[in-house]
Amino acid sequence: MAKRYWLMKSEPDAYGWDDLVKEGEGTWDGVRNHKAANNLRSMEKGDQVFFYHSNIGREIVGIAEISVSGIADPSDPDQKWAAVKLKPVRLLARPVTLKEIKACDALADMELVRLSRLSVSEISPDEWNKILSISEA
DNA sequence: GCCAACGTTGGC
DNA sequence: GCCAACGTTGGC
């Protein structure tokens with residue numbers, strides 16, 4: 001399957017970009033929302049992920065890549081929920097804030113904006129490239 | 001199976 | 001700290 005793009009949110013207090021870099025590889029578990037879990041199940045090794053900091057910063061800070069997909073959530077005793085592992089790729093040239101995303105017509109109906117509580121959402125290649133171009137502008 | 005009440009998340 | 005959006009729960 002073609003490479004896909006995702007956006008994952010985390011509160012930096014709980015698990016931020018710095019933690020991911022420190023560990024080298026992070027497990028994305030603890031997701032207890034069906035829509036988000038479906039997205040996790042759709043991910044494949046090599047997919048690219050924007051790492052978004054919610055609450056503190058409210059900005060996309062870096063790019064990560066799925067390193068292991070389709071595993072069971074280790075924090076779930078029933079092993080019903082999905083999880084993936086991901087590795088940091090690089091920081092963005094500069095963070096792209098939620099404000100900038102909302103201000104951009106091409107990005108205004110991203111799931112991030114429409115469903116602010118969804119912790120894992122899919123991003124179209126166009127949206128991905130647009131965000132990259134904002135960060136490098 | 002419907003719907004109101006409640007809890008949680010996250011932006012402001 | 002407040003409020004809106006959404007998911008879940010529980011009564012019927």
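Quick note: numbers below take in every heavy atom, side chains included, and nothing from hydrogens, waters or symmetry partners.
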Item to complete: May I ask you to test the A:Glu59-A:Ile101 pair for a side-chain heavy-atom distance under 4.5 Å?
Response: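 Side-chain contact under 4.5 Å: no.
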Whole angstrom value for the distance that separates [atom2] of [N] from [atom1] of [X]:
X: A:Leu118; N: B:dT9; atom1: CG; atom2: P; answer: 14 Å
X: A:His53; N: B:dG10; atom1: NE2; atom2: C1'; answer: 15 Å
X: A:Asn38; N: C:dG7; atom1: CG; atom2: P; answer: 12 Å
X: A:Asn33; N: C:dC6; atom1: CG; atom2: C1'; answer: 9 Å
X: A:Arg114; N: C:dA4; atom1: CZ; atom2: P; answer: 20 Å
X: A:Lys102; N: B:dG10; atom1: NZ; atom2: P; answer: 13 Å
X: A:Glu111; N: B:dG11; atom1: CD; atom2: C1'; answer: 18 Å
X: A:Lys99; N: B:dG11; atom1: NZ; atom2: C1'; answer: 13 Å

Practice prompt. Choose from C:dT8, C:dG7, B:dG11 the nucleotide whose nearest atom is closest to any side-chain atom of A:His34.
Written response: C:dT8
Item to complete: Identify which nucleotide among C:dT8, B:dG7, B:dG11 has an atom closest to any side-chain atom of A:Arg58, counting heavy atoms from C-beta outward.
Response: B:dG11
Item to complete: Kindly assign one of parallel, tilted or perpendicular to the pair A:Trp28 and A:Phe51, based on the angle between their ring planes and the thresholds 30° and 60°.
Response: perpendicular
Worksheet item: Going by the angle between their ring planes, with limits at 30° and 60°, are A:Trp81 and A:His34 parallel, tilted or perpendicular?
Response: tilted
Fill in: Residue pair A:Asp73 / A:Ser75, side-chain donor-acceptor N/O under 3.5 Å
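Per modelled atom types, A:Asp73 and A:Ser75 side chains form a pair under 3.5 Å.
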